There are 2 protein chains.
Amino acid sequence: MLSKSEENYIKEIYSLEQKFQSDVNTNLIAKKIETKASSVTDMLKKLAKKELLTYQKYKGVKLNPKGTKVALSIIRKHRLWETFLVKKLNFSWDEVHEVAEQLEHIQSDKLTNHLDAFLDFPTVDPHGEPIPNKHGNFKTTKTICLNQFQIGEKGVFVEVKNDSDTFLKFLNKNNLSIGTKIKVIEKEDFDNSMVIETNKDQFRISENVTKNLYLKR
Amino acid sequence: MLSKSEENYIKEIYSLEQKFQSDVNTNLIAKKIETKASSVTDMLKKLAKKELLTYQKYKGVKLNPKGTKVALSIIRKHRLWETFLVKKLNFSWDEVHEVAEQLEHIQSDKLTNHLDAFLDFPTVDPHGEPIPNKHGNFKTTKTICLNQFQIGEKGVFVEVKNDSDTFLKFLNKNNLSIGTKIKVIEKEDFDNSMVIETNKDQFRISENVTKNLYLKR
DNA sequence: AAATATTTTTAGGTATATCTAAAAATAATG
DNA sequence: CATTATTTTTAGATATACCTAAAAATATTT
Ligand SMILES: [Mn+2]
Ligand SMILES: [Mn+2]
Ligand SMILES: [Mn+2]
Ligand SMILES: [Mn+2]
């Protein structure tokens with residue numbers, strides 16, 4: 001049985017591994033968890049002892065298969081609950097993340113799997129993020145980050161890799177939601193901002209925004 | 001913001017107050033929470049300091065209005081989740097209590113109230129226990145404990161005041177569920193056991209069972 | 001390759017929620 | 001009403017998950 005803290009560390013280490021495709025270092029984890037590096041070191045030792053990851057002093061950590069399985073189970077719960085909140089309880093996509101941060105720690109396989117069935121085994125959550133099935137498998141559709149697009153290219157917005165309510169509310173305000181068709185009109189070399197076109201509008205967005213939007217061509 | 005521990009203490013103190021209609025003493029709480037009397041004393045001091053209850057050394061405690069409100073909010077969440085699990089996720093009534101013990105600590109008024117609406121504002125949970133509404137009000141239907149019934153009396157089983165899975169599984173095995181009609185055939189003075197009759201059967205149950213079944217005449 | 005900067009770990013401390021054992025208060029009994 | 005039994009509180013420990021500050025290891029510059 002893992003504590004809520006341990007689960008959160010495992011989850012964040014997993015997402016950092018995915019993001020950087022490499023071993024994860026202490027300071028990165030500290031920033032993500034919003035804690036101090038010394039606290040991270042303590043926890044890494046503990047998780048290594050529990051054989052969820054390999055840890056070498058000064059060299060960072062890497063989840064082993066057992067740790068990866070734990071991470072996927074928490075991510076599965078998080079995204080199932082987000083889906084539940086939107087589909088069944090009429091939450092909007094910018095209201096679900098904080099509550100899912102709590103719900104992801106509820107421990108009951110039966111609950112998770114029945115919830116999955118109740119939702120008709122969804123494959124993506126309200127942010128377009130893939131939901132692992134009960135075996136930890138999920139379909140990896142190759143989505144491309146908007147900042148990789150060239151002028152003139154078009155795509156469909158299918159996933160947002162930032163669950164914060166401020167960011168999602170910003171997207172709402174600009175009528176950007178999953179399924180929106182986007183065309184790149186202009187790219188600014190100086191600050192990597194872009195002018196994009198949707199059904200309704202044409203407007204400029206900063207690199208900070210383009211970095212978090214993922215599309216299909 | 002209260003910790004999970006603090007919430008559990010408040011909840012159990014409330015239910016003991018209801019059960020014994022009096023101030024609650026340290027040892028009773030210790031038994032309910034499955035902890036030591038010394039731990040209870042520590043917590044009572046803390047809860048008194050937070051002004052959720054009145055505490056006098058050696059005299060026991062009593063929830064004040066603020067504490068009572070907290071208790072009712074947790075009980076509301078517990079019973080709404082139990083209802084959700086049975087009505088929407090196909091859990092049986094003996095499988096819900098442990099999961100609800102976790103879910104009752106999720107903190108989001110929006111979630112609680114939307115769940116309530118999703119379930120069509122249920123007034124009782126799968127065990128016949130009343131569900132407080134968002135203002136903490138619930139209808140108090142006068143149910144009578146089976147052990148108060150006389151020989152020959154009939155009633156309808158409407159509430160069970162024991163959520164443990166072993167007890168509920170015992171009821172399942174004997175076809176006793178909410179709505180079952182029961183007639184008292186025999187009462188044994190020696191051990192307060194009873195022989196009861198249902199549609200299907202006639203059999204003896206111990207005082208331990210009669211104490212936990214509540215009926216309407 | 002020194003010197004400097006950055007990252008990471010260690011050492012030691014705090015708050016919460018437990019525990020055991022002993023002391024103090026209250027209740028029950030002869 | 002004094003003795004005994006029970007309940008409750010206090011004193012002092014432990015484990016978890018944090019923290020700050022200093023030391024050690026590693027990385028970057030000059
Ligand atoms: Mn999320
Ligand atoms: Mn999401
Ligand atoms: Mn229950
Ligand atoms: Mn119940």
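As the structure is a prediction and not an experimental result, all values here were calculated from the model.
An OP1 or OP2 oxygen of C/dT9 is reached within less than 4.0 angstrom by a side-chain nitrogen or oxygen of A/Y55. OP1 or OP2 of C/dT20 has at least one side-chain nitrogen or oxygen of B/K36 nearer than 4.0 Å. Contact between the side-chain N/O atoms of A/N25 and the OP1/OP2 oxygens of C/dT7 is not found at any separation under 4.0 Å. The phosphate of C/dT18 has OP1 or OP2 within less than 4.0 Å of a side-chain N or O from B/Y9.
Distance from the side chain of B/T26 is smallest for D/dT8 among the nucleotides D/dT8, C/dT9, C/dT7. For B/K45, counting side-chain heavy atoms from C-beta on, the closest listed nucleotide (D/dT8, D/dT10, D/dC18) is D/dT10. If you check C/dT9, D/dT20, D/dC18 against the side chain of A/T35, the one that comes closest is D/dC18. Of the candidates C/dT8, D/dT7, C/dC19, C/dT8 carries the atom nearest the A/T41 side chain, counting heavy atoms from C-beta on.
A ring-centre distance under 6.0 Å is found for A/H78 and A/H97. In this structure, B/Y14 has its ring center at least 6.0 angstrom away from the ring center of B/Y9.
In this structure, the NZ atom of A/K31 is 13 Å from the C1' atom of C/dT8, given to the nearest Å. A straight line from CD of A/Q56 to P of D/dA25 spans 16 Å, rounded to a whole angstrom. We find that CE of A/M1 is positioned 18 Å from P of D/dA15, with the value rounded to whole Å. In this structure, CD of A/E34 is placed 15 Å from C1' of D/dC19, rounded to the nearest angstrom. Taking atom CG of residue B/N27 and atom P of nucleotide D/dT7, one finds them 6 Å apart after rounding to whole Å. One atom, NZ of B/K49, and another, C1' of C/dA15, lie 12 Å apart when rounded to the nearest Å. Rounded to a whole Å, the CG atom of A/L28 is 16 Å from the P atom of C/dT6. Look at CG on A/L44: it is 7 Å from P on C/dT9, rounded to the nearest Å.
Residue-to-nucleotide contacts include a donor-acceptor pair under 3.5 Å from the side chain of A/S38 to the base of D/dT20.
Ionic pairing of A/K161 and A/E129 is not present here: no N-O contact between side-chain nitrogen and carboxylate oxygen is shorter than 4.0 angstrom. A salt bridge between B/E159 and B/K216 is absent, with no side-chain N of the basic residue lying under 4.0 Å from a carboxylate O of the acidic one.
Note on B/D42: a base of the nucleic acid sits closer than 4.0 angstrom, heavy atoms only. Within 4.0 Å of B/S39, counting heavy atoms only, lies at least one base atom of the nucleic acid. Within 4.0 Å (heavy atoms only), A/K4 reaches no atom of the nucleic acid at all.
The backbone N or O of B/V99 lies less than 3.5 Å from no partner atom in the side chain of B/Q102, so there is not a single donor-acceptor pair.
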Under 3.5 Å, which donor-acceptor pairs do the side chains of residues 17-38 of chain B form with other protein atoms, sequence neighbours left out?
residue: B/E17; atom: OE2; partner: B/L63; partner atom: N; Å: 2.7
residue: B/Q21; atom: NE2; partner: B/Q18; partner atom: O; Å: 3.1

- Task: Using a 4.0 Å cut-off on protein heavy atoms (strictly under), produce a 5'-to-3' string for nucleotides 22-27 of chain C with B for base contact, S for backbone-only sugar-phosphate contact, and - for none.
- Result: --BSS-
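Looking at heavy atoms from C-beta onward, A/F167 lies in side-chain contact with A/V209 at the 4.5 angstrom threshold. Residues A/E104 and A/K11 have side chains in contact (heavy-atom distance under 4.5 Å, counting atoms from C-beta outward).
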